[in-house]
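Please read through the structure below; I'll follow up with questions.
To find a chain, count down the sequence lines: A is the first, B the second, and so on, and within it residues start at 1.
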Amino acid sequence: MSKSERPNPLFRNLNAKVASIPMILTASVVFVGGTLWTVLYSFTNSKLLPRLNFVGLDQYYRLWATPRWLVSIENLLIYGAISLVFSLVIGFLLAALLDQKIRFEDTFRTIFLYPFALSFIVTGLVWQWLLNPDFGIQHVVRDLGWTSFSFDPLYNSSIVIYGISIAALWQGTGLIMCLMLAGLRGIDEDIWKAARVDGIPMWKTYLFIVIPMMRPVFITTLVIIASGIVKVYDLVVAQTSGGPGIASEVPAKYVYDYMFFAQNLGQGFAASTMMLLSVVIVIVPWAYLEFGGKKRG
Amino acid sequence: TDLEVTHWWTSGGEAAAVAELAKAFDATGNHWVDGAIAGSGGTARPIMISRITGGDPMGATQFNHGRQAEELVQAGLMRDLTDVATKGKWTEIVRPKSLLDSCIIDGKIYCVPVNIHSWQWLWLSNEAFAKAGVPMPKDWNEFVAAAPALEKAGIIPLAVGGQAWQSSGAFDVLLAAVGGSDAFLKVYKDKDAKFAAGPEIAKVFKAADDARKMAKNTNVQDWNQATNLVITGKAGGQIMGDWAQGEFQVAGKVAGKDYTCLPGLGLNEVIATGGDAFYFPLLKDADKSKAQEVLAETLLDPKTQVAFNLKKGSLPVRGDVDLNAANDCMKKGLAILAKGAVIPWTDQLMSQDTQKQKEDLFAEFFAKPDMTVEEAQKRFADLIAAAD
Amino acid sequence: MGMAAANGTSVSIQDLSLNFGAVSVLQTLNLDVAEGEFIVLLGPSGCGKSTLLNCIAGLLDISEGRIFIKGKNVTWEEPKDRGIGMVFQSYALYPQMTVEKNLSFGLRVAGVPKDEIAKRIARAAEILQIEPLLQRKPAALSGGQRQRVAIGRALVRDVDVFLFDEPLSNLDAKLRSELRVEIKLLHRKLQNTMIYVTHDQIEAMTLADRIAVMRGGVIQQLDAPQTIYNRPVNRFVAGFLGSPAMNFLEGQLEAGSTFKTDGVSVPLERYAFDGTERPTGACVLGIRPEHIAFGEAAKSMPFSASGSVEIVEPMGSDTLVWTKLGGRNLSFRVEAERTLRSGDPVQFGFDPARASLFDAATGNRL
Amino acid sequence: MGMAAANGTSVSIQDLSLNFGAVSVLQTLNLDVAEGEFIVLLGPSGCGKSTLLNCIAGLLDISEGRIFIKGKNVTWEEPKDRGIGMVFQSYALYPQMTVEKNLSFGLRVAGVPKDEIAKRIARAAEILQIEPLLQRKPAALSGGQRQRVAIGRALVRDVDVFLFDEPLSNLDAKLRSELRVEIKLLHRKLQNTMIYVTHDQIEAMTLADRIAVMRGGVIQQLDAPQTIYNRPVNRFVAGFLGSPAMNFLEGQLEAGSTFKTDGVSVPLERYAFDGTERPTGACVLGIRPEHIAFGEAAKSMPFSASGSVEIVEPMGSDTLVWTKLGGRNLSFRVEAERTLRSGDPVQFGFDPARASLFDAATGNRL
Amino acid sequence: MADPAVPLPAGAGAAEREALGPRGPKPRHVFSRRNIFLYGTLFVVAVYYLLPLYVMVVTSLKGMPEIRLGNIFSPPLEITFEPWVKAWATACTGLNCDGLSRGFWNSVRITVPSVLLSIAIASVNGYALANWRFKGADTFFVILIVGAFIPYQVMIYPIVIILREIGLYGSLSGLVIVHSIFGMPILTLLFRNYFASMPEELFRAARVDGAGFWGIFLRIMAPMSLPIFVVAIILQVTGIWNDFLFGVVYTRPDTYPMTVQLNNIVNSVQGVKEYNVNMAATILTGLVPLIVYFISGKLFVRGIAAGAVKG
Ligand SMILES: Nc1ncnc2c1ncn2[C@@H]1O[C@H](COP(=O)(O)OP(=O)(O)OP(=O)(O)O)[C@@H](O)[C@H]1O
Ligand SMILES: Nc1ncnc2c1ncn2[C@@H]1O[C@H](COP(=O)(O)OP(=O)(O)OP(=O)(O)O)[C@@H](O)[C@H]1O
Ligand SMILES: [Mg+2]
Ligand SMILES: [Mg+2]
């Protein structure tokens with residue numbers, strides 16, 4: 001009898017392992033390696049070039065004493081909550097509307113998706129115009145006789161972060177819609193039939209049957225949105241450059257500014273380490289629960 | 001020999017100016033390979049630094065002269081130009097001298113300054129003042145006094161765009177104008193934190209407070225949008241560098257008739273000698289190294305200097321050139337320069353890190369009316385204390 | 001019962017047609033189902049049974065015709081407004097819900113009180129023997145378990161008309177006969193109309209008040225089970241029902257009273273012809289295996305012959321014996337304990353009154 | 001055939017266990033299948049039949065034990081290296097491929113020449129009557145049509161061992177019996193090993209060389225069909241096989257030779273006890289409906305009684321009659337034309353030699 | 001059978017039959033409440049999405065003086081296509097005044113292999129993770145997911161070091177690798193989750209059919225995943241086509257992508273901003289992804305796994 005014993009586990013699924021080499025390399029060399037490198041240099045006073053000149057936790061003390069960093073964190077939380085909720089809701093609603101076997105589906109889909117194709121460098125400018133109280137929407141509405149109308153989200157420190165979200169949703173929901181649509185298209189027709197016979201109203205079918213079935217898609221979407229939130233940068237730069245004042249600063253911008261404008265790599269690395277640390281604390285346990293252990297997502 | 005030159009001059013005027021440099025360089029039998037990257041130093045610098053540290057350096061690259069390239073030099077990645085400089089007697093021809101000083105690290109010269117940009121200008125709209133029925137102010141104080149009248153006429157007295165560097169720059173200009181050149185140097189060069197917390201600087205903060213009140217209705221981001229407010233008479237004035245002039249010109253406005261410029265805000269007529277310089281990474285290829293020398297010489301050639309700066313709207317780095325073609329405002333600047341009323345600019349005095357923090361502070365100060373002058377000054381002093 | 005319970009028409013289908021693009025699946029189909037009646041749809045795979053159920057449920061857009069349920073024209077109604085419950089051939093369970101949620105979801109949406117829901121689920125779970133599975137998700141169920149849940153989902157609903165698409169096909173014989181009885185009892189108790197697709201003849205015979213035999217989207221015969229079984233209207237129906245299948249002998253009808261084929265002649269005096277006139281010509285004689293007597297009993301039959309055993313197929317409770325008559329295969333059924341062997345000589349015979357005669361060309365009953 | 005063709009062990013399963021997390025589905029199961037043998041797995045829904053097939057195919061990672069195919073330990077082999085073909089209970093058709101592509105996929109992967117592929121497909125399509133469907137996609141097929149395609153996918157492959165998971169469950173009776181014959185013929189021709197899950201008793205009885213009756217992941221009895229049918233090893237097997245099901249009478253075994261319950265006593269002289277000693281105590285007597293004689297015939301039986309008809313169930317070819325014996329329901333089978341009515345008095349009896357006796361506590365055969 | 005109570009059987013007069021109410025397919029009213037709601041909502045939302053585009057197009061057709069003075073919403077008084085021509089053909093990047101056209105082919109050369117490679121790698125990863133799990137795979141996957149949250153800028157220097165060490169710095173293949181690396185987390189997740197929701201029996205059937213790791217992937221799983229491939233294409237084409245940072249950091253000037261020109265046109269800090277040219281350039285740059293969206297959108301097939309399994 002050949003091979004009566006359990007074969008060497010190393011060679012089981014060999015093809016799968018070979019195929020995963022790029023992933024394994026990326027994960028271990030680039031992400032783990034790069035992250036460790038970053039963390040290491042966050043304890044130095046590197047300026048323009050990374051140099052191993054350790055200063056302990058100095059960069060971190062300074063980071064947490066900086067008002068701009070604190071504002072950034074607060075903004076990220078608000079912005080994150082808004083864009084998470086609204087892009088999921090709007091993206092799903094649009095996908096559900098498009099899934100009603102409508103005419104011109106292609107056209108509508110492309111309309112909702114096109115903002116995603118446009119560089120934010122300029123669309124940010126357009127939104128800045130649209131939201132500008134002097135010649136944007138407020139101006140137009142006032143010209144129509146509604147003189148008390150006020151809509152200047154980008155120029156009002158207390159609501160600027162909400163204003164930024166408007167453009168963020170404009171740009172991002174199209175992709176979310178496509179993801180949702182892809183998920184909806186994978187649902188078996190018979191499920192719809194069963195729900196119709198059961199007399200379950202359309203919205204309940206979506207809410208209680210279809211959405212749970214689309215759980216994997218939602219998780220993908222969630223990660224895409226969340227990683228987009230943590231990395232948000234262009235959008236803010238294009239619309240407000242963090243203004244008015246520092247009212248719309250975000251952590252990624254802090255990292256970028258301190259790494260490249262301020263040429264203080266150590267500070268930038270410290271900030272990004274803090275960002276990564278919080279991501280790890282949230283993501284890793286969740287990801288293990290979600291992806292580890294059981295076979296099916 | 002082909003030599004790749006990276007820089008962030010990409011707008012119309014700037015590009016035209018670069019073309020002059022290229023033309024001059026090409027005339028020497030070499031070839032200028034253009035590597036333009038727009039979006040200010042913040043975008044361009046990581047690219048340049050990556051290229052240099054990644055082992056794929058360009059032939060020459062622009063930096064703001066000052067302390068941006070310090071570490072690259074210390075890491076031994078940049079080329080020492082001392083021999084070229086001695087041959088070309090740069091120490092004698094470059095004016096003001098402080099410009100070349102910024103290129104010297106450990107006694108060696110590492111860069112070639114090519115122009116001077118000055119920040120110290122107040123641009124005023126004649127139309128706006130006419131409309132408000134007040135005479136054209138001759139200095140900052142008169143301007144502040146005229147503000148209520150302007151406001152009454154529905155005009156924003158002072159346009160300050162939303163980007164952080166605009167407010168921070170405006171403060172620096174106020175510091176040099178209201179506080180005077182000495183105060184400016186004491187704070188930024190000597191980093192005298194006690195002085196920065198003192199009453200003299202409090203005056204400057206008072207002026208900055210005026211400025212922020214006057215600017216509170218500016219609902220634009222970009223500096224040129226702010227300039228546009230002045231051009232169209234929607235704003236009374238703007239504190240901005242000499243590059244603003246390009247906007248007025250393009251809009252067909254005539255200095256003196258449609259707009260007025262007050263160097264040093266009319267209080268302290270000095271010119272800060274900020275500007276751009278070229279650095280040369282150390283190359284292995286001998287031919288290219290040779291070409292680098294040629295380029296360095298070409299950049300300081302009088303003809304090149306004139307041609308370049310006329311297009312760029314900035315001032316040449318050598319005094320022995322003829323600039324008849326310059327306009328009113330530019331001539332004012334040249335006159336000041338000739339008088340020797342110059343101060344070094346912040347790029348030369350402080351690290352980018354400190355400057356960035358300063359930007360953050362003033363961005364907040366200008367945007368937040370409830371931030372007190374005292375608080376701002378205290379944070380400013382702290383920042384100066386920690387500056388390097 | 002059946003007709004007894006009928007106090008009106010429950011489901012009435014008039015001139016129904018349905019095409020999938022160019023493929024025409026149902027053709028001007030008419031069907032009236034009395035209130036409380038149990039109709040079974042039988043037919044070869046792909047004949048349009050599921051499609052018909054889907055049309056009744058309102059899940060497919062029909063091409064032509066009308067559908068009435070309880071006297072109301074529901075042709076354009078939504079499925080939920082038709083008062084129907086349905087079990088799908090592909091189960092269509094909600095994969096993210098536990099079995100219990102699967103069962104209760106429709107009720108909760110309809111606002112049925114909590115305790116009522118619990119009661120109904122408990123009952124359905126008991127009937128279907130799925131109590132231990134209530135907290136599992138469909139993915140952790142076996143094929144038959146899934147099917148039972150699908151049935152349960154229809155059972156808990158309180159509707160006038162139940163539509164079942166092969167509900168028992170994946171279950172083992174024991175459970176199937178138990179559920180068959182349960183469905184029958186349920187029907188008796190609820191007195192609601194049931195339209196039931198199956199391919200199991202026992203199910204069809206025991207459950208149905210009437211059976212509709214379909215073929216290629218057309219109903220061939222709609223009658224009481226015994227009628228369909230004993231007096232099929234055409235050769236297709238005759239051959240389709242019955243397992244083991246009916247024996248067919250091609251031959252000639254002579255003088256309207258004798259069937260002749262390859263040296264065999266069967267007297268037809270006792271055969272009840274459909275019309276009054278006696279046809280002649282090419283025809284097919286059909287006789288069911290269980291109607292063929294064997295051994296001594298054969299001798300007393302109006303027609304008898306002898307041959308030798310070709311194949312013996314034991315089927316548990318009985319054994320099927322294959323022999324030849326007039327050169328054609330003929331099977332008959334004997335008790336399981338009869339030990340016959342290939343080659344054994346046999347005597348067999350039948351009563352032509354129990355046979356069926358079909359026109360060879362049209363296949364219609366003569 | 002069957003054993004005759006066996007010249008070695010084809011599939012051998014040793015101490016196989018499988019758990020889904022905490023749920024143990026198969027428990028140290030042993031099964032040896034001879035080469036060329038046709039094994040049918042029978043068992044209630046959820047007993048682990050599909051799971052066992054999946055383990056043999058190498059589609060589930062087993063928890064414990066070994067699997068040999070053709071003498072080779074394949075416990076850790078890839079499914080494709082095991083020389084098996086499989087039909088899935090859930091069909092698992094490739095939705096994006098036409099029927100033809102579905103059938104040819106495995107062959108194309110294996111690099112079979114084009115004309116050979118075409119030939120095999122043509123043959124399978126003919127057997128399964130799916131020629132007109134070859135260019136359709138699965139979504140445009142009816143349930144039964146899909147199932148036939150799934151069978152075809154296994155048929156076209158040239159493997160040693162075929163695994164069928166309820167392959168005929170969604171087909172109509174006619175097609176099913178046709179396919180049953182085809183599978184039998186195929187088996188005879190190819191002489192390959194077949195492991196076949198079904199819940200259809202006729203299929204099991206007619207196809208199997210041996211039947212394995214499973215329950216809760218354990219094989220209860222593995223024997224030739226007739227043995228299983230006539231001498232079930234325990235009450236579960238007895239009750240599971242046979243449709244209509246065996247009648248069970250609970251009672252007492254007295255002096256090892258009489259069965260007593262509620263005023264009825266059945267002499268057991270003719271009963272062949274499993275062991276040599278005569279047990280006594282609580283026991284269950286099982287008798288199949290078709291072994292109960294009725295009317296005149298009953299009188300000659302070693303045991304006979306009389307009662308009245310409770311329910312009559314016509315089943316087409318026969319009729320099932322329910323009466324009572326010792327207070328318990330008892331069913332027996334009569335010919336379909338016997339017209340009995342509820343309430344009619346009946347005389348019935350049986351030969352205890354054909355009955356089965358089970359221990360009341362353990363359920364084992366006595 | 002007995003005569004039915006309400007509906008009349010065949011034989012009733014035509015007029016009577018008409019009185020029985022609806023027959024035939026349910027008519028689809030163009031102005032049903034559902035349609036009004038559906039298309040109304042879509043229309044309103046579409047307007048919101050199109051408003052900025054309108055402003056961009058209108059602005060790109062105006063001359064600079066008009067922009068300086070006018071209302072951003074007003075249509076151009078005098079339509080000029082000069083900004084478009086300029087954006088495409090004459091706008092300067094430093095000294096090279098040939099507009100976006102210069103980088104167009106570079107962008108194509110970068111985007112095509114990067115999109116193909118990154119999707120190829122990620123889809124295989126996702127497939128391996130969903131169907132061929134091996135020990136430790138989860139750990140790498142979790143790392144990958146966390147990697148999705150790392151701001152790109154932080155990784156610039158480490159990647160410079162890595163590329164320098166493997167000798168690919170400055171080459172096109174280096175850039176392709178970088179795009180594949182940064183595309184990997186999200187794409188892998190995308191594919192893994194989609195494959196995991198496919199019926200498992202299909203995968204099993206293919207294994208029995210003798211298809212191996214690659215056979216199953218290429219012939220069974222991939223064709224069944226068209227919608228998610230479309231999403232992946234959308235993500236990657238957009239991301240890579242619009243990428244500026246990597247394109248400029250990890251290549252040389254002769255292979256700079258179109259976005260470098262776009263950036264140069266748009267991002268000149270000092271000097272005149274030509275809004276009309278900026279708008280035209282942005283729209284021009286976006287055209288390629290847009291075309292890809294429109295074409296690949298057809299692949300959003302309905303009920304992709306329909307008929308595969310029952311249950
Ligand atoms: N993924 C799973 N997780 C947990 N339990 C499972 C899982 N899959 C199957 N089971 C359980 O394992 C048992 C055996 O399942 P299996 O599918 O083998 O049954 P079966 O004998 O094929 O039944 P059927 O005749 O209904 O198809 C069932 O009780 C089922 O509920
Ligand atoms: N979407 C479709 N497009 C084209 N033809 C279809 C479609 N759905 C079903 N059909 C065809 O319509 C016919 C009827 O299908 P239906 O599902 O009603 O059969 P059925 O009687 O339920 O068969 P089964 O007993 O096998 O389930 C079949 O021939 C089938 O191939
Ligand atoms: Mg069907
Ligand atoms: Mg099963």
### Query
Given a strict heavy-atom distance threshold of 4.5 Å, which part of A/L175 is in contact with chain E: side chain, backbone, both, or neither?
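Side chain of A/L175 only, per the 4.5 Å heavy-atom cut-off to chain E.
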
### Message
Is the shortest side-chain heavy-atom distance between E/M56 and E/N278 below 4.5 Å?
### Response
no

### Task
Check each atom of E/V45 against the heavy atoms of chain A and say whether the ones under 4.5 Å are side chain, backbone, both or neither.
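Both the backbone and the side chain of E/V45 come within 4.5 Å of chain A.
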
### Message
Can you tell me which portion of E/T285 sits under 4.5 Å from chain A's heavy atoms? Options are side chain, backbone, both or neither.
### Response
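Contact with chain A: none, neither part.
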
### Message
Does any backbone or side-chain atom of E/N242 lie under 4.5 Å from a heavy atom of chain A? Answer side chain, backbone, both or neither.
### Response
side chain

### Task
Select one option (side chain, backbone, both, neither) describing which atoms of A/V279 are under 4.5 Å from chain E's heavy atoms.
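Contact with chain E involves the side chain of A/V279 alone.
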
### Message
Quick check on the interface: out of E/P151, E/P52, E/G286, who has the most heavy-atom pairs with chain A under 4.5 Å?
### Response
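That would be E/P52.
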
#### Entry: CZ (E/F37) with more than 12 external heavy atoms under 6.0 Å
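12 or below, so no.
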
### Query
Between A/I283 and chain E, which part of the residue has a heavy atom less than 4.5 Å away: side chain, backbone, both or neither?
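Only the side chain of A/I283 comes within 4.5 Å of chain E.
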
### Query
Checking A/Y41 against chain E: side chain, backbone, both or neither under 4.5 Å from a heavy atom?
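Neither the backbone nor the side chain of A/Y41 comes within 4.5 Å of chain E.
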
### Task
May I ask you to say whether A/R185 pairs ionically with A/E105, meaning some side-chain N is under 4.0 Å from a carboxylate O?
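Salt bridge flag = yes for A/E105 with A/R185.
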
### Message
Measuring from atom CD1 of A/I187 to atom CE of A/M214, what distance do you get when rounded to the nearest 0.5 angstrom?
### Response
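Rounded to the nearest 0.5 Å, the CD1-CE separation comes out at 6.0 Å.
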
### Message
Ignoring hydrogens, what is the shortest heavy-atom contact between A/V232 and A/A252? Give both atom names and the distance.
### Response
O-CB, 3.4 Å

### Message
Given heavy-atom pairs under 4.5 angstrom as the criterion, report whether the side chain, backbone, both or neither of A/L276 touches chain E.
### Response
side chain

### Query
What residue, out of A/P251, A/A117, A/A27, A/P50, has the most heavy-atom pairs lying under 4.5 Å from chain E?
A/A117

### Task
May I ask you to check if E/R192 and E/W132 form a cation-pi contact, with NZ or CZ under 6.0 angstrom from the six-membered ring centre and within 45° of the axis?
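Checked: cation-pi criterion not met.
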
### Summary
For A/M202 and A/Q100 the tightest heavy-atom approach is CE-OE1, 3.3 Å

### Message
Heavy-atom cut-off 4.5 Å, strictly under: side chain, backbone, both or neither for E/L287 against chain A?
### Response
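It is neither, since no heavy atom gets under 4.5 Å.
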
### Summary
Among A/L179, A/V282, A/L49, the residue with the most heavy-atom pairs under 4.5 Å to chain E is A/L179

### Query
When you measure from the side chain of A/T110 to the backbone N and O of E/F294, does any donor-acceptor pair fall under 3.5 Å?
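Side chain of A/T110 to backbone of E/F294: no pair is present.
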
### Task
Identify which part of E/I177 has an atom lying under 4.5 Å from any heavy atom of chain A, answering side chain, backbone, both or neither.
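Neither part; nothing is under 4.5 Å.
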
### Query
Which bit of A/W127 comes within less than 4.5 Å of chain E, counting heavy atoms only: side chain, backbone, both or neither?
side chain

### Heavy-atom pairs under 4.5 Å with chain E, option from A/A19, A/G33, A/A182, A/P115 with the top count
A/A182

### Message
Which one wins on heavy-atom pair count under 4.5 Å against chain E: A/V30, A/V29, A/D190?
### Response
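If we count pairs closer than 4.5 Å to chain E, A/V30 comes out on top.
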
### Query
At their closest point, which heavy atom of A/A271 faces which heavy atom of A/Y254, and how far apart are they?
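A/A271 and A/Y254 have their closest heavy atoms at CB-CD2, 3.7 Å.
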
### Query
Is it true that E/Y127 and E/F213 have ring centroids separated by less than 6.0 Å?
yes

### Query
Of all heavy-atom pairs between E/Y157 and A/W37, which one has the smallest distance, and what is that distance?
CB-CH2, 3.8 Å

#### Entry: Heavy-atom proximity to chain E below 4.5 Å, by part of A/M259
side chain

### Query
Looking at E/Y152, does the NZ or CZ of A/K231 lie under 6.0 angstrom from its six-membered ring centre and within 45 degrees of the ring axis?
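Cation-pi check for A/K231 and E/Y152: passes.
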
### Query
Can you say whether E/T139 sits under 4.5 Å from chain A via the side chain, the backbone, both, or neither, judging by heavy atoms?
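Both the backbone and the side chain of E/T139 come within 4.5 Å of chain A.
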
### Portion of E/I181 that has a non-hydrogen atom of chain A nearer than 4.5 angstrom
both

### Summary
Honestly, the part of A/I176 sitting under 4.5 Å from a heavy atom of chain E is neither

### Task
Sort out for me which of E/S180, E/A128, E/P158 touches chain A most, counting heavy-atom pairs under 4.5 Å.
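Maximum pair count with chain A is reached by E/P158.
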
### Aromatic centroids of E/Y275 and A/W129 separated by under 6.0 Å
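Yes, close enough.
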
### Message
Which atoms of E/V124 are under 4.5 Å from chain A, going by heavy atoms: the side chain, the backbone, both sets, or neither?
### Response
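The side chain, not the backbone.
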
### Task
Fit a plane to each ring of A/F108 and E/Y39, take the angle between them on a 0 to 90° scale, and name the class: parallel (under 30°), tilted (30 to 60°) or perpendicular (over 60°).
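Answer is tilted, since the angle falls between 30° and 60°.
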
### Task
Check each atom of E/W214 against the heavy atoms of chain A and say whether the ones under 4.5 Å are side chain, backbone, both or neither.
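The answer is the side chain of E/W214.
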
### Region of E/I234 that comes under 4.5 Å of a non-hydrogen atom in chain A
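Both backbone and side chain of E/I234 come within 4.5 Å of chain A.
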
### Summary
Interface check, chain E: of A/V223, A/T38, A/V230, A/T107, most non-hydrogen pairs under 4.5 Å belong to A/V223

### Message
Less than 6.0 angstrom separating the ring centers of A/Y114 and E/Y293, yes or no?
### Response
no

### Summary
Ranking A/T173, A/L25, A/L93 by heavy-atom pairs under 4.5 Å to chain E gives rank one to A/T173

### Task
Step through it carefully: locate the ring centre of E/F73, locate the ring centre of E/Y54, and say whether they are under 6.0 Å apart.
no

### Residue among E/V237, E/V55, E/L190, E/I121 with most heavy-atom pairs under 4.5 Å to chain A
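Sorted descending by pairs with chain A, the first entry is E/L190.
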
